[in-house]
Amino acid sequence: ATPMSVMVGVGKAAEAGVLIRNGEALQSSSTITAMILDKTGTITLGSPKVTDIITVDGLDEKRVLQLAASLESGSEHPLALAVVESAKERNIEPLSVTGFNAIAGHGVEAVVGGKNLLFGNEKLMKDQGVALDDFVDKAQQLAAEAKTPMYFAVDGRLAALIAVADPIKEDSIAAIKRLQQNGIRVVMLTGDNRATAKAVAEKAGINEFFAEVLPEEKSQKVQELQMQGEVVGMTGDGINDAPALAMANVGFAIGTGTDVAIESADITLMRGSLHGLADAIAVSKATLRNIK
Ligand code: ADP
Ligand code: MG
């Protein structure tokens with residue numbers, strides 16, 4: 001494309017809230033055959049809320065939430081913010097925390113009030129030898145409702161199951177349909193568990209997804225599709241997504257996401273809406289048409 005037509009295209013996209021970093025990204029957008037979408041904060045709002053607290057044999061719900069929220073005060077994960085917020089709403093005071101440690105893609109651990117606390121997914125509990133018994137079934141039920149269940153253990157014993165819900169953005173379903181109508185293969189990618197991922201993908205109208213993907217594995221999924229011959233677009237908002245955004249043929253960052261994601265991407269969707277993807281592709285196609 002001529003520098004002039006690229007400038008016009010970049011300007012048109014900017015009017016739609018789509019910031020294109022360079023002419024190359026504008027031109028390659030029209031060639032995308034597969035689009036990988038991160039789940040949390042990309043397809044969903046990314047501000048989960050606590051919906052369920054199921055304690056083990058009569059343990060006090062307030063006490064459990066106090067311990068869990070104290071532990072999560074050291075984490076910046078959206079799930080952690082949901083738990084901290086839930087405690088605040090109930091005027092529960094946080095306790096002091098020592099030995100905080102985040103286990104990427106699995107959960108968090110720390111010592112609070114002399115107790116060893118562990119909070120995270122099924123894999124984390126299994127790795128640490130925490131018995132889950134019939135709570136696995138309860139977690140499955142919550143996941144089928146598109147909620148994310150997290151297990152909370154005190155001194156190596158399960159204390160509660162805490163679930164959060166993160167609704168799909170209002171326009172994600174329509175924006176995803178636009179991509180599919182353009183003949184693009186849409187794939188969802190998440191670190192969340194398989195059952196929750198399946199429920200969210202179904203709601204979003206996506207029939208292909210990768211779940212339980214560790215942060216360091218996200219870019220490998222981009223490569224897998226590239227090796228299948230796809231020209232891959234990747235859309236994400238998190239620090240976790242940065243390597244995958246850089247690996248993709250075209251990386252798209254959610255404008256309300258982290259700075260690291262924005263810096264790693266070629267294109268930023270300033271409005272946070274996934275409609276920006278089909279908009280960018282349409283501008284790209286129009287730009288290439290004008291120069292032929
Ligand atoms: P995503 O790709 O959805 O952002 P992550 O890779 O960050 O997911 O996390 C994967 C899973 O690990 C979460 O669904 C959750 O079960 C668990 N997890 C991660 N961080 C935390 C945390 N701070 N508190 C509780 N659970 C966590
Ligand atoms: Mg995310």
Side-chain angles (χ1 to χ4, degrees), residues 36-48 50 53 65 67-87 97 100-110 117-128 130 132 136 139 142-143 146-153 159-166 168-169 172 188-201 209-219 221 234-245 251-258 260-262 264-265 269 272 274:
I36 300 181
L37 303 173
D38 161 61
K39 175 175 79 69
T40 310
T42 299
I43 295 174
T44 68
L45 290 169
S47 47
V50 171
I53 302 175
L65 187 55
L67 292 172
S70 304
L71 165 58
E72 289 287 27
S73 64
S75 167
E76 280 167 10
H77 199 282
L79 294 171
L81 300 182
V83 173
V84 170
E85 191 52 40
S86 169
V97 179
F100 176 83
N101 181 34
I103 306 142
H106 292 92
V108 287
E109 62 184 350
L117 306 183
L118 194 61
F119 198 19
N121 61 15
E122 190 176 332
K123 173 86 172 30
L124 178 70
M125 296 296 146
K126 284 197 170 146
D127 289 349
Q128 304 278 336
V130 178
L132 302 177
V136 173
L142 293 163
K147 294 170 181 169
T148 297
M150 296 175 287
Y151 296 96
F152 180 60
L161 187 59
I162 300 182
V164 304
D166 180 18
I168 291 176
K169 290 175 194 168
S172 286
M188 191 184 85
L189 181 63
T190 182
D192 209 342
N193 75 87
R194 169 156 293 277
T196 305
K198 183 168 183 284
V200 174
F209 65 89
F210 299 116
E212 298 173 22
V213 180
L214 294 175
E216 65 271 21
E217 293 170 348
K218 282 192 168 182
S219 66
K221 295 294 171 190
M234 164 77 204
T235 310
D237 68 318
I239 300 169
N240 287 353
D241 300 317
L245 289 168
F252 296 86
I254 301 293
T256 49
T258 61
V260 185
I262 292 168
S264 306
L269 310 178
L274 296 183

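For reference, positions follow the sequence shown, starting with 1. Every number for a ligand or one of its atoms is a count from 1 in the order of the listing.
- Judged by distance alone, the side chain of K39 and the main-chain N or O of M188 form no donor-acceptor pair under 3.5 Å.
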- Query: After noting the C-alpha distance and the side-chain angles of T40 and D166, does the key distance pass the side chain to side chain contact (heavy atoms under 4.5 Å, CB included) rule?
  - Reply: CA-CA 8 Å; T40 310; D166 180 18; 3.6 Å; yes
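- The distance from ligand 1 to the heavy atoms of M150 drops below 4.0 Å at these ligand atoms: 25 (C), 26 (N).
- The shortest side-chain heavy-atom distance between F252 and T42 does not fall under the 4.5 Å cut-off.
- Among residues two or more places apart in sequence or in another chain, the side-chain contact (heavy atoms from CB on, under 4.5 Å) test is passed with H77 by S75, L79, A80.
- When only non-hydrogen protein atoms are considered, atom 25 (C) of ligand 1 lies nearest to E72 OE2, 3.2 Å.
- One distance of note links NZ of K198 with CG of N193; it measures 12.0 Å at 0.5 Å rounding.
- Using a 4.0 Å cut-off between a side-chain N of Lys or Arg and a carboxylate O of Asp or Glu, D38 and K218 qualify as a salt bridge.
- The nearest pair of heavy atoms linking T196 to A143 is OG1-CB, 3.3 Å.
- Taking the side-chain contact (heavy atoms from CB on, under 4.5 Å) definition, one finds that L81 meets it with nothing, sequence neighbours left out.
- D192 OD1, 3.3 Å is the protein heavy atom nearest to atom 14 (O) of ligand 1.
- Residue G120 places a heavy atom less than 4.0 Å from ligand 1.
- In this structure, the protein non-hydrogen atom closest to atom 17 (C) of ligand 1 is H106 O, 3.2 Å.
- With a 4.0 Å cut-off on non-hydrogen atoms, V83 does not touch ligand 1 at all.
- Distances from atom 8 (O) of ligand 1 to the heavy atoms of G191, P149, G236 show the closest one on G191.
- Distances under 2.8 Å from the Mg ion (ligand 2) pick out the protein N/O/S atoms D38 OD2, T40 O, D237 OD1.
- Of the possible donor and acceptor atoms, one in the side chain of T44 sits under 3.5 Å from a partner among the backbone N and O of G41.
- Checking K218, H77, E76 against atom 9 (O) of ligand 1, the nearest heavy atom belongs to H77.
- Annotation: ring pair (Phe, Tyr, Trp, His ring centres under 6.0 Å) contacts of Y151 (sequence neighbours excluded): none.
- Under the 3.5 Å distance criterion, the side-chain polar atoms of E212 are matched with a main-chain donor or acceptor of R194.
- If you check which protein heavy atom lies closest to atom 13 (C) of ligand 1, you get L79 CD1, 3.6 Å.
- At under 3.5 Å, not a single nitrogen or oxygen of N193, backbone or side chain, sits near a nitrogen or oxygen of ligand 1.
- For ligand 1 and S75, the ligand atoms under 4.0 Å from any heavy atom of the residue are 23 (N).
- Interface atoms of ligand 1 facing N240, defined by a heavy-atom separation under 4.0 Å, are 6 (O), 7 (O).
- No more than 12 heavy-atom neighbours from other residues, nucleotides or ligands sit within 6.0 angstrom of CD1 on I239.
- The single protein non-hydrogen atom nearest to atom 16 (O) of ligand 1 is N121 CB, 3.4 Å, given as residue, atom name and distance.
- A salt bridge links E122 with K126; the closest basic N to acidic carboxylate O contact falls under 4.0 Å.
- Interface of T190 with ligand 1, defined as ligand atoms under 4.0 Å from a residue heavy atom, comprises 2 (O), 3 (O).
- Checked against T235 for a side-chain contact (heavy atoms from CB on, under 4.5 Å), the options I36, I254, L245 give a single hit: I254.
- In this structure, of G105, A82, P78, the residue bringing a heavy atom nearest to atom 12 (O) of ligand 1 is G105.
- Regarding atom 21 (C) of ligand 1, its nearest protein heavy-atom neighbour is G107 CA, 3.7 Å.
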